[in-house]
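Below: the structure, in structure tokens.
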Protein chains: 2
Amino acid sequence: MYSIGDVATMMGINPSALRFYDRQGLLPFVARDKAGRRQFSKNDLNFIEVIDCLKKSGVPVKDIGHFVQLCMAGDSTLHERYAYLDKEEQMLQDKLRETQAQLDFLRYKKWYYKTSVEAGTEKIHFAPGTNEVDPQTKAIYQKELAHCQNLRDLIDLAQDDA
Amino acid sequence: MYSIGDVATMMGINPSALRFYDRQGLLPFVARDKAGRRQFSKNDLNFIEVIDCLKKSGVPVKDIGHFVQLCMAGDSTLHERYAYLDKEEQMLQDKLRETQAQLDFLRYKKWYYKTSVEAGTEKIHFAPGTNEVDPQTKAIYQKELAHCQNLRDLIDLAQDDA
DNA sequence: TGTTGACTTAAACCACAGTTTAAGTCGTAG
DNA sequence: CTACGACTTAAACTGTGGTTTAAGTCAACA
């Protein structure tokens, strides 16, 4: 059995946060000693691992509470629990794709600034006679990207960025 | 030139959110017409694309404001802007790895529930004579994962999950 | 020449996810 | 036996990221 402080240390979660989760119905399984102190079992830690994973995946506290309720209800909710995790898997896969898209865009801008730094001015990307970025700039990057061997050569500034 | 409503529609951002970003100093470059209405240029949309990317990457509004200030300051900040995006690239790469780790864990739990549903009870994963998950359960999954051809066969329930 | 509809502002309001505070209860080590 | 540290609660507070409201301005169209 572990105290709330033990769990907080082991899981890297603030004790106040654990009490907050308890208040929100995420920890209905946690036992208490005679003095009313929370006593976490080894199995409780498995639960908290799931809760922590869902939390880090961006699932709202109240939704996690719903899942915990299903867990408390026994074998009749097994299918529903599976379906819930299946949905979350899809969410995470989407999130992974989105993050990748943001990374791709960020790398384009890194290239934009790498080449600007090398040229000493951002103007190399402006449409002639304006202070606006040439609409073709991104297409140029994408062409270079398609032809390049090593992404790092394309977007990383040599050494001196430290 | 585009109105705030045009931009909101094109970028999929609430007009109120755009005004909020402006108040927070994220849109100092936006022009106004005689009546005080915001007029967004094509180049402003490039900026908003960057802001939107950073926002979706989880960068706090005030940090984005700092980056925008650098952009306003001209060529002398090119290197700093590059370094900023380089740091954000690392952040996003870390985030990608974290999300992948959460996905891996979620898939373990999907397997846990798939096999439980197939058995009709969660008890197949409990240590004998207890109501606690056997500490070896995850190791069993990882062994099966290492040997399996197709992840979907391992963790997806046949058809009827619809 | 109204009267829409889209815009403007400041200020109030909201949800979410905790964190902090204040007051109190235990168990144990000196 | 008392003092300390770790725990308990309810309630107040915080920060972030907006959204909503109220009151007003303006351009264009019937």
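Throughout, protein chains are lettered first and strands after them, A, B, ... in sequence-line order, and every chain is numbered starting at 1.
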### Sub-4.0 Å heavy-atom contacts from residues 9-20 of chain B onto DNA chain C, ordered by number
Arg19(B)
### Residues in contact with DNA chain D, drawn from residues 89-103 of chain B - heavy-atom cutoff 4.0 Å
none
### Set of residues satisfying side-chain contact (heavy atoms from CB on, under 4.5 Å) with respect to Tyr2(B), sequence neighbours excluded
Asp6(B), Val7(B), Met10(B), Phe40(B), Lys42(B), Leu45(B)
### Message
Please confirm whether the shortest side-chain N or O distance from Ser3(A) to OP1 or OP2 of dC7(D) is below 4.0 Å.
### Response
yes
### Query
Which residue pairs pass the salt bridge (charged side-chain N to carboxylate O under 4.0 Å, His left out) test when at least one of the two sits in residues 120-130 of chain A, sequence neighbours left out?
Glu122(A)-Arg81(B)
### Task
Estimate the overall bend of the helix from dT1(C)-dA30(D) to dG30(C)-dC1(D) from the end axes over five pairs each, rounded to 10 degrees.
20°
### hydrophobic_cluster_shared for Leu96(B) and Met91(B), side chain cutoff 4.5 Å
no
Just list the side-chain donor-acceptor pairs under 3.5 Å for residues 61-71 of chain A, sequence neighbours left out, or say none.
none

### Task
Provide the full list of salt bridge (charged side-chain N to carboxylate O under 4.0 Å, His left out) pairs with a residue in residues 52-61 of chain B, sequence neighbours left out, each pair given once.
Asp52(B)-Lys55(B), Asp52(B)-Lys56(B)
### Sorted by number, the residues of residues 56-68 of chain B with heavy-atom contact under 4.0 Å to DNA chain D
Pro60(B), Val61(B), Lys62(B)
### Task
Could you list all the salt bridge (charged side-chain N to carboxylate O under 4.0 Å, His left out) pairs where at least one residue sits in residues 142-155 of chain A, not counting sequence neighbours?
Arg152(A)-Asp156(A), Arg152(A)-Glu89(B)
### Query
Using a heavy-atom distance cut-off of less than 4.0 Å, which residues of residues 23-46 of chain B contact DNA chain C?
Arg32(B), Gly36(B), Arg37(B), Arg38(B)
### Summary
Footprint ends on DNA chain C, 5' to 3', for atoms under 4.0 angstrom from a heavy atom of chain A, come out as dC16(C) to dG27(C)
### Query
Residues from residues 47-55 of chain B sitting under 4.0 Å of DNA chain C, heavy atoms only?
none
